[in-house]
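Starting from 1, each residue takes its place in the sequence as its number. As the structure is a computational prediction, the values presented were derived from the model and not from experiment.
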Amino acid sequence: MTRFDQLLASEKPIILDGAMGTELEYQGYNVAGNLWSAKYLAQDASALTKIHLDYLRAGATIITSASYQASFPGLLEAGYAEEEIPTLLQKSVHLVQQAITTYWSSLSQEEKETRIYPLAAASLGPYAAYLADGSEYTGVYQVSKEELKTFHRPRIQALLEAKPDLLLIETIPNFLETEALLELLETDFSTVQALISFTSQDGATISDGTPIEEVADLCDKCPQILAIGLNCTAPHHISSLLKKMRGVTQKPLATYPNSGEIYDGIHKTWHQDPDNQHTLAENSLEWAKEGVQIFGGCCRTRPSDIQNLAQQLTKQS
C-alpha cells in the first residue's frame, strides 16, 4: 500500500495546496507568457520553494509541483533544448520534495505526531494548458487521441522519474483526452496511482460538453485512478456535479475550485467578481457532507484560504 493509498484509507480530510500562479503574482512575480509559473523552474526556483513552504505551513497535506504548464513542445517553443526538459520537469517535483523535507525538519517531535508527513504530487495539466488560450474553459482543440498520448507520454515519464507520491492529472476539459490519459496509464505506466480532476462551466458537464457522469464512470473503471475531482470550477457549480459523480462512483472525491471569477483566455485576465457568499472553508464543509475527502483551492486562492480550510476541517474531523 502506497502513502496515497494509506492517506485515502484513513478517511480523514486531506488538504491540497492552493494556486501557484496567483501567489507568484501577489508576491510581485510576472507570470505572463505561455509557461506561466513553470518559467520559474529555470528563472528563480526559490520563488516556487517559498510558496510550497507557505502552503505546508498553512496545513496542506499534498503539495503540487509547478509543472502544470510545462510540456515538451511548450518548453521547446520557449527556447529550451530538448535534453533540458526532463530535468526541468523532474526539478518541479524535487522542489516540492525539498520543501517538504525542510518543513518537516522544522517541526518539533510533538508537532510531527499531530501531522501527516506531506505528499508530493506531480501536476499534469491538459493539452489546453500548452495552448495557453483558455481552452481549459471550452475543451475545444482539434487533435487525435494518439496525438494526445504523444503529447503526454514523455512528460509523465519525466515526472515519474522524480518519484512523486502520486500523479495529479488536473483541469481536464475534454473526453477524448480523458480516454487518452487513462489508456496511457494502463499501457505505459501500469504501476502509477493518480488523482484526476475535471473542470466544468455549467454544473453538469465538463468543458467540452460531456456529461460529468460519463467521465466519472470512465475513471471509476480505471484501478489506477484512486480519486476523482473537480478543479478550476466556480464554487456554485460544485454541489450539482458531486451529486452526479456520486451516482456512478464510490471512489474518494476531491474539490479544489477557483474563486468564481471568469478567465479571459484571449487577454489572459480574470474578470467578474469572486464568489464572496461563502469562504472556501465554508463551501468545503458542505461538500464534505456530500462525500468529498480531498479539499484545496485552484486559481485565485491563497495560503490564507488553505490555512482557514485546514483549521475548519480539522475541527470537524
Side-chain angles (χ1 to χ4, degrees), residues 13-23 64 68 125-126 128 134-140 168 170-175 178 195-216 219 227-249 251-265 267-313 316:
I14 299 167
I15 310 299
L16 277 169
D17 53 12
M20 173 60 78
T22 297
E23 195 60 19
T64 309
Y68 175 88
S135 295
E136 292 99 323
Y137 305 98
T138 66
V140 177
L168 180 57
E170 50 186 345
T171 329
I172 302 302
N174 180 286
F175 183 77
T178 306
L195 187 166
I196 189 167
S197 191
F198 299 93
T199 184
S200 170
Q201 314 309 313
D202 61 8
T205 69
I206 62 173
S207 294
D208 72 349
T210 303
I212 189 67
E213 297 97 326
E214 286 191 29
V215 289
C219 295
I228 307 169
L230 301 163
N231 79 292
C232 217
T233 297
H236 63 271
H237 289 319
I238 298 287
S239 288
S240 63
L241 292 160
L242 291 172
K243 289 181 175 67
K244 294 174 187 298
M245 293 166 71
R246 189 47 90 206
V248 297
T249 183
K251 290 188 177 184
L253 300 179
T255 53
Y256 51 118
N258 58 34
S259 65
E261 295 168 80
I262 307 298
Y263 186 70
D264 181 337
H267 299 98
K268 296 182 171 52
T269 57
W270 291 88
H271 60 94
Q272 295 190 9
D273 293 330
D275 179 1
N276 290 322
Q277 290 186 317
H278 302 286
T279 65
L280 176 63
E282 289 169 340
N283 281 324
S284 296
L285 288 170
E286 290 302 309
W287 300 331
K289 297 174 185 177
E290 299 174 30
V292 175
Q293 187 180 358
I294 305 169
F295 307 85
C298 201
C299 297
R300 315 297 276 180
T301 62
R302 302 193 54 220
S304 57
D305 297 305
I306 300 304
Q307 182 174 30
N308 186 37
L309 171 65
Q311 290 171 345
Q312 294 301 315
L313 285 170
Q316 295 295 315

| field | Shortest non-hydrogen contact from Glu213 toward Ala204 | value | OE1-O, 4.3 Å
| query | At their closest point, which heavy atom of Gly139 faces which heavy atom of Asp208, and how far apart are they? | reply | O-CB, 3.7 Å
| note | Result for side chain to side chain contact (heavy atoms under 4.5 Å, CB included) between Pro257 and one of Asn283, Leu280, Leu230, Thr301 points to Leu280
| query | Under a 4.5 Å cut-off applied to non-hydrogen side-chain atoms, are Asn258 and Pro235 in contact? | reply | yes
| note | In short, Gly297 meets Ile306 closest at the heavy-atom pair N-CD1, 3.8 Å
| said: As an exercise, state the distance from CD of Glu170 to CG of Leu16, rounded to the nearest 0.5 Å. | reply: 8.5 Å
| Expected output: side-chain Asn231 to main-chain Tyr256 donor-acceptor under 3.5 Å | no
| How close do Glu282 and His278 get, heavy atom to heavy atom, and via which atoms? | OE1-CA, 3.2 Å
| field | Under the salt bridge (charged side-chain N to carboxylate O under 4.0 Å, His left out) test, residues paired with Glu286 that sit two or more places apart | value | Lys289
| Are Pro173 and Tyr137 side-chain neighbours, meaning at least one heavy-atom pair lies under 4.5 Å? | no
| query | Backbone N or O of Asp305 within a donor-acceptor pair of the Asn308 side chain at under 3.5 Å? | reply | no
| Tyr68 versus Pro126: any side-chain heavy-atom pair under 4.5 Å? | yes
| said: Looking at every heavy atom in both Phe175 and Val215, which two are closest together, and how far apart are they? | reply: CD1-CG1, 3.6 Å
| field | Heavy-atom check, side chain of Ile206 versus side chain of Ile172, under 4.5 Å | value | no
| said: Could you measure the distance from the CG atom of Leu242 to the CH2 atom of Trp287? Nearest 0.5 Å is fine. | reply: 7.5 Å
| message | So does Pro211 get a backbone contact from the side chain of Glu214, meaning a donor-acceptor N/O pair under 3.5 Å? | response | no
| said: Can you tell me how far apart CD1 (Ile15) and CD (Gln311) are? Round to the nearest 0.5 Å. | reply: 10.5 Å
| said: If we ignore hydrogens and angles and just use 3.5 Å, is the side chain of Asp17 paired with the main-chain N or O of Thr64 as donor and acceptor? | reply: yes
| message | Can you give me the closest heavy-atom contact between Thr233 and Leu241, atom names plus distance? | response | CG2-CD1, 4.1 Å
| note | dist Leu168:CG -> Leu195:CG (nearest 0.5 Å) comes out at 5.5 Å
| salt bridge (Lys or Arg N to Asp or Glu O under 4.0 Å) contacts touching residues 239-248 (sequence neighbours left out) | Lys243-Glu290
| Rounded to the nearest 0.5 Å, what separation is found between the OG1 atom of Thr255 and the CD atom of Gln293? | 11.0 Å
| message | Between Ser200 and Thr205 (side chain of the first, backbone of the second, donor and acceptor by atom type, cut-off under 3.5 Å), is there such a pair? | response | yes
| message | Could you tell me if the side chain of Val292 sits less than 4.5 Å from the side chain of Ser284, heavy atoms only? | response | no
| query | Is there a donor-acceptor pair under 3.5 Å between the side chain of Ser135 and the backbone N or O of Thr138? | reply | no
